[in-house]
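Take a look at the structure set out below.
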There are 2 protein chains.
Amino acid sequence: MRAGREPSRDGALNLNDAPPRQSAPSAADLQAVLSLPENQALAVSIASRLRDALLAGYFGPGEQLREEPLARSMGVSRGPVREALLRLEREGLVVVRRNRGAFVARLSAQDLEEVYTLRVAIECLAVRRVVRLATDAELDALQAVVDQMAAADARGVTEQEAAELDLRFHDLVYLASQHRRLNESWGNLRPQAHILLLNRNVAREDFREFLVQGHQWIVDAVRDRDEDRAVATIEDHLRGSYERVAAGLDLRAGRTAGEGADGGR
Amino acid sequence: MRAGREPSRDGALNLNDAPPRQSAPSAADLQAVLSLPENQALAVSIASRLRDALLAGYFGPGEQLREEPLARSMGVSRGPVREALLRLEREGLVVVRRNRGAFVARLSAQDLEEVYTLRVAIECLAVRRVVRLATDAELDALQAVVDQMAAADARGVTEQEAAELDLRFHDLVYLASQHRRLNESWGNLRPQAHILLLNRNVAREDFREFLVQGHQWIVDAVRDRDEDRAVATIEDHLRGSYERVAAGLDLRAGRTAGEGADGGR
DNA sequence: CAGTTGCTGATTGTTAGCAATCATCGACCA
DNA sequence: TGGTCGATGATTGCTAACAATCAGCAACTG
């Protein structure tokens with residue numbers, strides 16, 4: 001496992017490439033384009049790549065993530081890798097034990113319950129603000145994601161695709177809430193929610209209704225500026241998501257029962 | 001340089017001292033005593049000391065925190081200081097700008113609003129769980145803090161004392177909620193709440209009623225296992241706290257209007 | 001033979017030093 | 001004389017090497 005040879009070095013260092021030509025850049029676009037590459041520190045980039053790898057299931061649950069091999073495979077030193085692992089720790093993707101190292105986190109049923117109860121708490125606040133603050137453009141963006149869901153669902157959707165569209169919708173909700181700390185909280189919870197979402201069973205018959213219709217109802221409530229309905233709708237939606245993930249997790253737990261690899265917290 | 005002999009190092013490293021003799025240590029006590037020193041990494045210890053310094057107002061708002069002077073004054077190298085500053089960043093006490101350094105955060109009126117709206121969201125979830133889960137011992141601990149508030153208030157209380165007792169009460173609430181992620185969220189919000197609490201005006205006539213009686217009502221509602229009342233009570237309590245802090249912040253902003261200078265502590 | 005004790009290899013925690021980046025300030029030019 | 005551009009000093013970002021710590025294993029002892 002874990003074939004060490006990978007051309008990953010380029011992936012980390014292409015951040016310094018010159019920005020591509022723009023035909024007619026506005027002042028704002030130019031500002032964004034020019035500030036993008038430099039805004040990405042090495043540690044952030046590494047954290048991002050490790051996060052992707054973890055979400056893709058490249059590392060097994062409970063597996064130890066040693067700093068030196070990771071640093072070598074990415075062509076950097078241990079410093080930024082260390083910082084990246086600390087970031088992933090606060091995102092709940094890894095568990096760091098003093099003098100022991102970082103391990104891929106295992107999400108138990110209790111973790112699932114914690115993630116979703118906390119998510120309900122902060123996301124209700126988010127939608128409440130969105131109902132009051134959302135612009136038409138933001139509403140259109142939400143609707144666009146729902147449309148993408150419908151299109152993806154029509155041609156058949158994978159767990160991964162469904163999870164990403166789902167998360168993208170909720171990203172927009174938090175963004176429109178205009179609340180920095182709320183966005184940060186979501187940023188810390190999001191990767192765990194992502195992992196959990198991959199356990200849903202998209203093959204279930206009512207999945208289309210849940211995914212597409214469920215989000216559509218939220219958009220409708222927000223568009224109608226009906227705060228109470230929006231909150232109730234998102235509560236129901238998250239409860240439904242929770243139950244589907246729990247069902248999927250039980251299935252998977254049953255399938256891999258007695259696996260019991262090391263590293264469990 | 002590492003001259004070896006320097007007294008400042010002791011402050012950080014006296015964790016390795018042999019544990020003092022215990023006359024009749026129980027197994028649990030022994031376990032606690034022996035595991036305590038090693039659980040504290042250097043970066044954590046430094047973050048703690050810097051946090052205390054920031055809360056004590058030792059650094060002025062907007063002042064830059066350079067890594068090398070901090071490291072020298074603490075007798076360590078820049079590495080752990082750097083990690084400590086990142087911790088303080090996620091606690092909202094400092095702002096780190098790439099290639100620019102760390103600066104003491106300034107809390108605006110919008111920050112105040114964000115901290116309190118987020119706090120209401122997560123603390124309502126916390127009390128809801130506490131109502132269902134709290135043991136008699138935890139209820140007694142909450143009551144004990146309220147009693148301490150009454151005693152402190154009777155002999156006259158400073159802003160600092162009031163803030164610490166206030167925070168201690170809410171710490172216990174989160175602890176009793178039995179929700180790891182909720183406790184982490186509170187841990188990230190707590191230092192900002194602490195700073196804001198120092199702006200309350202404890203001299204106001206109704207402060208005793210607010211501090212002592214307000215928390216007593218919460219304990220009562222929890223003891224009666226009345227979930228809805230407990231949530232409503234804590235919502236009111238936090239709203240009251242918000243208004244007092246906002247009033248104090250306005251006062252202070254008025255007094256120091258046009259200050260705006262960075263740097264000088 | 002069970003339990004404990006002292007080694008050993010590997011991994012993290014920490015340190016010191018080098019390179020890249022940014023703000024500041026002075027020189028140059030229209 | 002006002003404004004822009006290029007040097008300069010300071011500070012962060014990163015690297016590589018050193019020291020402390022821990023799990024595992026073998027030898028020892030009762």
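All values derive from a computational prediction rather than experimental measurement. Sequence lines set the chain letters: A, B, ... in the order given, protein chains first and strands last, and positions in each chain run from 1.
- Remark: Arg100(B) pairs with no residue by the side-chain hydrogen bond (donor to acceptor under 3.5 Å, both in side chains) rule, at least two apart or across chains.
- Within residues 84-95 of chain B, no residue has any heavy atom closer than 4.0 Å to DNA chain D.
- Atom CD of Glu68(A) is separated from atom P of dC18(D) by 15 Å (rounded to the nearest Å).
- Among residues two or more places apart in sequence or in another chain, the side-chain contact (heavy atoms from CB on, under 4.5 Å) test is passed with Ala43(B) by Pro80(B), Glu83(B).
- Every residue two or more places apart in sequence or in another chain was checked for a ring-ring contact (aromatic ring centres under 6.0 Å, His included) with His179(A), and none qualifies.
- Every residue was checked against the ring-ring contact (aromatic ring centres under 6.0 Å, His included) condition with Phe103(B), not counting sequence neighbours, and none meets it.
- Applying the side-chain contact (heavy atoms from CB on, under 4.5 Å) test to Ile195(A) and every residue at least two apart in sequence or in another chain returns Leu55(A), Leu93(A), Leu107(A).
- With sequence neighbours excluded, the residues satisfying side-chain hydrogen bond (donor to acceptor under 3.5 Å, both in side chains) with Tyr116(B) are Ser241(B).
- For Glu161(A), the side-chain hydrogen bond (donor to acceptor under 3.5 Å, both in side chains) partners at least two apart in sequence or on another chain are Arg155(A).
- In this view, Asn188(B) satisfies the side-chain hydrogen bond (donor to acceptor under 3.5 Å, both in side chains) rule with no residue, not counting sequence neighbours.
- With a 3.5 Å limit on both pairing distances and Watson-Crick or G-U wobble geometry required, the stems of 3 or more pairs in DNA chain D span C:1-30 with D:1-30.
- Atom CZ in Arg66(B) sits roughly 7 Å away from atom P in dT12(D) (whole-Å rounding).
- At a threshold of 4.0 Å, the pair Arg180(A)-Glu184(A) counts as salt-bridged, since one of the basic side-chain nitrogens sits closer than that to a carboxylate oxygen.
- With sequence neighbours excluded, the residues that form a side-chain contact (heavy atoms from CB on, under 4.5 Å) with Ala105(A) are Val95(A).
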I'd like a list of close polar pairs between nucleotides 13-17 of chain D and the protein, N/O only, cut-off under 3.5 Å.
residue	atom	partner	partner atom	Å
dG13(D)	OP1	Asn99(B)	N	3.3
dG13(D)	OP2	Arg82(B)	NH1	2.4
dG13(D)	OP2	Arg82(B)	NH2	2.7
dG13(D)	O5'	Arg82(B)	NH2	3.2
dG13(D)	N7	Arg78(B)	NH2	2.9
dG13(D)	O6	Arg78(B)	NH1	3.1
dC14(D)	OP1	Leu42(A)	N	3.1
dT15(D)	OP2	Ser77(A)	N	3.1
dT15(D)	OP2	Ser77(A)	OG	3.0

